[in-house]
Undergrad: 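Take a look at this one; I'll ask things after.
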Amino acid sequence: MSEMDRRAILAAPVFGKVFTDHMITLRWDAEQGWHDGRLEAFQDIALPPSASVFHYGQEIFEGMKAYRQPGGSIALFRPERNAARFNASARRLAMPELPVETFVRAVELLVQQERHWVPGGDGTSLYLRPFMIATEPTLGFTLPSRSYLFGVIACPASAYFSTRTGPPALTVWLSEEYARAAPGGTGAAKAGGNYAAAFLAQREAVEQGCDQVVWLDAVEHTWVEEMGGMNLCFVQQSTDGGSPTLMTPELTGTLLPGVTRDSLLQLAGRLGLGRSEGRINVQQWRKQCEAGVITEVFACGTAAVIAPVGHVRGANDEWTIGDGRPGPVTLRLRDELLGIQYGRIPDDLGWTRIVC
Ligand SMILES: *Cc1c(COP(=O)(O)O)cnc(C)c1O
């Protein structure tokens, strides 16, 4: 791609549509383990139609970003957390683990190669998508595939929300019929199949005039778990005039353990907020909003960072959180996290890793 074409794309990247010039691939089989690692041109992957990923859905992925720093260098954010989670996902899907150093090295190599693809504008980044698929050409399903392909691809990403107006507050739909993840299932793994099972509810949310679906637990259909592909956080005021608490649903095994979620919990502590990992059901959510206990709710994840939630809608219920607009705690946490990721405030937690 010409320099001019790339500049045009970088000026206004559309998420997930245009990819950089290169990709990483690495193969695994039972005899050789991980082998044949390549940094090569971005290209189609040729597989026999019998490859087991097409039939039994053994696929996992990660989502992470490279951020342009003030001096022009480029940083990753806690990449070893993504590597560790990738391996947790691999174990659940009976796929081979990848050494953490290999995962991080692969991502670093691609970022270094594609450094001209990392945009520099406010809130922009290079989005990185590591993934693994089962490639054994067999319809047999008594044992997991005996060969796999790991890859990393990258695409420039604009600020998820306008940097001038900041994030808008979303309206969310309570999915009381469909569930994302059941106890004993794959909810804690970042597996493509979880997304495949979610599209129907997401479409329902859009049909109901909402932006995103909120997932409830699969057993009682009342305990709040996540929003779309993001974790949820609740700002609860203390009754004795102390500082508010950042509450997020505990990791029960049906929730995805977000790196953003973990980072915000740590930042909340440093900002003097209370922190809790607990349980909240739909009724409590509504009642606590009405009582002024819950004043803000937001979703968090790598792609959108923090997405404030303003309104909640279900089949029989509808309410507003606070005044329906992004609240001060939400915006303060967002500033803090973005400040660290973009190198605007010192990172004394050792979260950023300069790669070039
Ligand atoms: C990826 C993902 C998240 C957010 O994880 P981050 O590491 O913060 O990006 C939350 N929920 C689901 C279902 C996800 O797939």
Side-chain angles (χ1 to χ4, degrees), residues 15-16 57 59-67 76-90 92-93 100 103-104 107 125-132 154-155 157 160 167 170 172 175 178-182 185-202 205 211-218 223-234 246 248-268 277 297-307 309 330 333-334 336-338 340-341 349 351-353:
F15 180 79
E59 190 270 355
I60 59 171
F61 65 94
E62 273 300 324
M64 47 207 295
K65 284 175 171 176
Y67 307 87
L76 293 170
F77 182 73
R78 309 184 75 188
E80 61 300 322
R81 296 284 299 201
N82 295 92
R85 185 171 67 191
F86 193 68
N87 281 339
S89 300
R92 179 62 185 83
L93 278 281
V100 168
F103 178 100
V104 174
V107 171
S125 60
L126 185 68
Y127 183 83
L128 297 151
R129 170 53 62 87
F131 63 96
M132 191 192 334
C155 56
Y160 207 84
L170 304 180
V172 296
S175 180
Y178 304 111
R180 188 189 85 93
T186 56
K190 217 166 168 70
N194 291 338
Y195 280 71
F199 286 122
L200 191 56
Q202 176 60 34
D211 303 293
Q212 283 283 343
V213 57
V214 165
W215 298 109
L216 306 174
D217 78 286
W223 300 98
V224 179
E225 298 203 324
E226 299 194 60
M227 183 197 86
M230 303 173 82
N231 294 113
L232 273 172
C233 292
F234 299 77
L246 186 70
T248 186
E250 64 185 336
L251 301 175
T252 54
T254 52
L255 282 75
L256 199 286
V259 177
T260 317
R261 173 190 182 279
D262 179 80
S263 305
L264 289 172
L265 277 174
Q266 294 193 46
L267 289 178
E277 295 177 76
V297 177
F298 61 85
C300 62
T302 298
V305 193
I306 283 185
V309 177
T330 303
L333 283 166
R334 183 172 178 271
E336 196 73 14
L337 183 59
L338 287 171
I340 294 174
Q341 290 172 334
L349 291 151
W351 282 348
T352 48
R353 180 178 175 121

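Please read all numbers here as calculations on a predicted model, not as lab measurements. Numbering of ligands and ligand atoms starts at 1, following listing order.
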Undergrad: Taking only heavy atoms of the protein into account, state which residues are under 4.0 angstrom from an atom of ligand 1, in chain and number order.
TA: R85, R180, K190, Y195, E226, G229, M230, N231, L256, G258, V259, T260, G301, T302
Undergrad: Distance-only, no hydrogens or angles: does the E226 side chain make a donor-acceptor pair with backbone N or O of L256 under 3.5 Å?
TA: yes
Undergrad: Within the side chain of R129, is there an N or O that forms a donor-acceptor pair under 3.5 Å with the backbone of E62?
TA: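 It does hold such a pair.
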Undergrad: With the side chain counted from C-beta on, respond yes when I340 and L267 share a heavy-atom pair under 4.5 Å apart, and no when they do not.
TA: yes
Undergrad: Please, which pairs that meet salt bridge (Lys or Arg N to Asp or Glu O under 4.0 Å) have at least one residue in residues 255-266, sequence neighbours excluded?
TA: R78-D262, R81-D262, R261-E277
Undergrad: Any side-chain heavy-atom pair from M132 and E59 closer than 4.5 angstrom?
TA: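 Sidechains of E59 and M132: no contact.
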Undergrad: Using 30° and 60° as the class boundaries, would you call the ring planes of F61 and Y195 parallel, tilted or perpendicular?
TA: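 Rings of F61 and Y195: perpendicular, as their planes differ by over 60°.
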